[in-house]
Amino acid sequence: MPLLQVRNMTHYFGGLRAVHNFNLVIEPGEIKGLIGPNGAGKTTIFNLITGIHTPTEGQIELEGRSLIGLRPHEVASRGLGRTFQNMLLWRHMNVLDHVKMAQYSRLGYGLLDAFFGTPRLQREEQRVTDEAMRLLELFDVAKYAGQLVGNLPYGAQRRVEMARAMATKPKILFLDEPTAGMTPEELVQMIGIIRQVHRDFGVAIFLIEHRLKFVMELCQSIQTLVFGEVIAEGPPEEIQNNPKVVEAYLGKEDIT
Amino acid sequence: MESTKSTPALSQDGFWSRLRSGFSRVPVIGWLAGGLCAVMVEYFLGDALSYYLGLPKIPVLFGFVTMLKKPLLIPSSAAYVILVYIVPLAAVGLLSAGPANRLAAFLHRRALWLSAIIHLVLLYIIIHVWSDISDYRLLLLKLTMIAIMLTLSINVINGYMGEFSCSHPGFMALGAYSASALTLILFTNDKLFGPALLPPALGPYFFPLALIFGGLVAALGALVVAIPSFRTRGDYLAIISLAFMFIVKSVIENLEFVGGPRGMSSQPNWSDLPTVFAWTVMCIWVINNFVRSTMGKALNAVRDNEMAADAMTVDTRKTKIVTFMFGAFWAGVAGGLFAHVLRYVNPGTFGIQKLAEILAMVYFGGLNSVVGSVVGAVSINLLSEMLRPLELFKWIVIPLLLILVMIYRPTGLIAFREFDVRKILRPKQ
Ligand SMILES: Nc1ncnc2c1ncn2[C@@H]1O[C@H](COP(=O)(O)OP(=O)(O)OP(=O)(O)O)[C@@H](O)[C@H]1O
Ligand SMILES: [Mg+2]
């Protein structure tokens, strides 16, 4: 059984068909890529699978169980972690709290513990803090633990967002343009980090990317989306040489 | 400390900086000792001192009211404040810094609750002695503590979770009326509900339950605002919550069995100083525990970015419901206490004027901050009393002050600050 399976997913925003007949299979531990020009519907696909929008048509199954109709936090608790294209971090919260917060569904205490500060709460908070610190170290942002996210350099903010997504203990990690706006050095570091996350956590990865070089290096298989439809699918070399892809996407802009 | 010989000019310079560094070494328990001495001085010598200074009686509010009413008495009022409050506070604070720090260090090594209780007992004794001077002070203190509960509880909704809710007077009214109805029906012979059903002697023990009942009714009412908040934010929710406040008010006005527009009276006087103090401390403690836990910080996540909160496994709907009900609960408890302090409530109390007061306190003091709420409630309450002699001008001075704060500190005086009791009570040396 595949880890994630999406079948015939179509979505309309009013009269606009943002996604048409989309299919996807992700096996455990696989890295897949999704490319396509601006406005193709890539982020919409992420939002549909993660429960932010409900698809007009189609099925989505995680480990054989349907995700349709679940709210985003339920989808996330089932094992689907994600980052956002424009990094939705919490402005007034420090780095450590970000990564603690993402363990919300696994907090082993109730409201009354939180109100009265019981020993159980203290034990759990300690556990959550320790786990968060481990992740911060892994993503090389432990030194910022007590700082507000806004004070961090851009690349570090991206890494905090990824640490936060990993704190939800995902089986699949969705990355929406994780290198957007990064310098070449930060890009190289990010490739290393994604490889390491993939290796250490054994997590499957589904990633949207603009820079083809990045996708080519990481992904085993790539889908190309244009106007909400997949026009090509296959291993990186095939995609690179596919005339349809070249015409729709590669021809127009510098993709390396 | 060290004996440095220097020229007069330098020594004066040194005097001030030494005084400053001396003050910075006084731990909280030292200030409490100073405060205790100050109120004791007033308690035993206040009358005599005001007589010698030519004051008609002990100035009730640090001489402000007297100064504004009779400018000629400014020098003697100032002298009174210096002799009774400032000198004992500063002297005892400074002189006891050594032992106070040792005591604080000792307590610091012990359990936090023990240290907290000792500090609270001292604080209680201070306000008790201070309020013993006049009934006016007692009333003002109780109302200020109730204002703290209201401000802190609205801060949970408007500050920590960032929803602009205007329904707090409504929650307060629900609590005030439910708690009053319970105590009047069960323990009081009154004209609205007839004779008492239970022996009134049991009443004071039962009072906490009546307050909790009031809080729970308010929390149920909060669902009316919480559920629309799933889909709406900002202006729309503000309007819905404002509507809720007006609905509560007019429903009560039209319910004859709770007294209609005339209100309810002759509540038993169970809101005495220790009761109000204990509930205020409880409210601060529980709310502070909650907002510092990861579960409570979900409020911040929902405020700063709801979509991200949801994607990080935070149940945003549950968080909103809990927050509204939790905030409303404490507003309800505060309402119950309020009704039993004044021993009279009518629907007119819980209108737009009350809302303006509460909003002023929370935005003045600071969003997302327990200390801010305490500071906001205390300063707006005291200020509003101190400036009473200005009459109409009071309503120019206070709003002006608010505007200034909003310009220079848009989120309030002490916003986004964590209230860490252990850190505050620690020794300063
Ligand atoms: N919530 C929404 N309501 C209405 N239309 C939307 C919504 N979200 C996206 N769209 C539209 O759907 C289309 C696909 O948008 P989407 O954000 O998925 O593109 P994308 O492939 O991620 O582009 P980019 O590379 O710029 O991120 C666009 O035309 C967009 O305007
Ligand atoms: Mg996008």
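The chains referred to below are lettered A, B, ... by the order of the sequence lines, with proteins before strands, and numbering in each begins at 1.
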Query raised in the report: Do F116(A) and V286(B) pass the side chain to side chain contact (heavy atoms under 4.5 Å, CB included) test, and can you show the C-alpha distance, the side-chain angles, and the key distance before you say yes or no?
Result: CA-CA 6 Å; F116(A) 298 106; V286(B) 169; 3.9 Å; yes

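Considering all non-hydrogen atoms of both residues, M93(A) and A301(B) come closest at CE-N, 3.4 Å. Closest heavy-atom contact between M312(B) and Y104(A): O-CB, 4.4 Å. Of all heavy-atom pairs between M307(B) and F84(A), the closest is SD-CE2, 3.6 Å. For the pair L89(A) and N305(B), the tightest heavy-atom approach, listed with the atom from each and the gap, is O-CB, 4.4 Å. The nearest pair of heavy atoms linking Y109(A) to T294(B) is OH-N, 3.4 Å. Here the shortest heavy-atom pairing between T168(A) and A311(B) reads CG2-O, 4.4 Å.
Two residues are said to be in side-chain contact when any heavy atoms from C-beta on lie closer than 4.5 Å; V314(B) and H73(A) fail this criterion.
Classified by interplanar angle (parallel below 30°, tilted 30° to 60°, perpendicular above 60°), the ring pair F115(A)/F290(B) is perpendicular.
For F230(B), the CZ atom sits in a packed shell: over 12 heavy atoms of surrounding residues, nucleotides or ligands are nearer than 6.0 Å. Within a 6.0 Å sphere centred on CG of D235(B), heavy atoms belonging to other residues, nucleotides or ligands number 12 at most. Around OH of Y154(A), the count of heavy atoms belonging to other residues, nucleotides or ligands within 6.0 Å exceeds 12.
With a threshold of 4.5 angstrom between heavy atoms, T411(B) does not approach chain A through any atom at all. Contact annotation for V291(B): neither backbone nor side-chain heavy atoms come within less than 4.5 Å of a heavy atom of chain A. In this structure, chain A has heavy atoms under 4.5 Å from both the backbone and the side chain of R317(B). Neither the backbone nor the side chain of T50(A) comes within contact range of chain B; no heavy atom of the residue lies under 4.5 Å from a heavy atom of that chain.
Electrostatic pairing of R91(A) and D304(B) does not count as a salt bridge here, judged by no charged N lying under 4.0 Å from a carboxylate O.
With hydrogens and angles left out, the side-chain atoms of S293(B) and E125(A) include no donor and acceptor closer than 3.5 Å.
No option in H92(A), H98(A), M101(A) other than M101(A) meets the side chain to side chain contact (heavy atoms under 4.5 Å, CB included) test with K297(B).
Among V75(A), V128(A), L111(A), the residue making the largest number of heavy-atom pairs under 4.5 Å with chain B is L111(A). Ranked by non-hydrogen atom pairs under 4.5 Å with chain B, the options D97(A), L80(A), T83(A) are led by D97(A).
Side chain of T313(B) to backbone of A76(A): no donor-acceptor contact under 3.5 angstrom is found.
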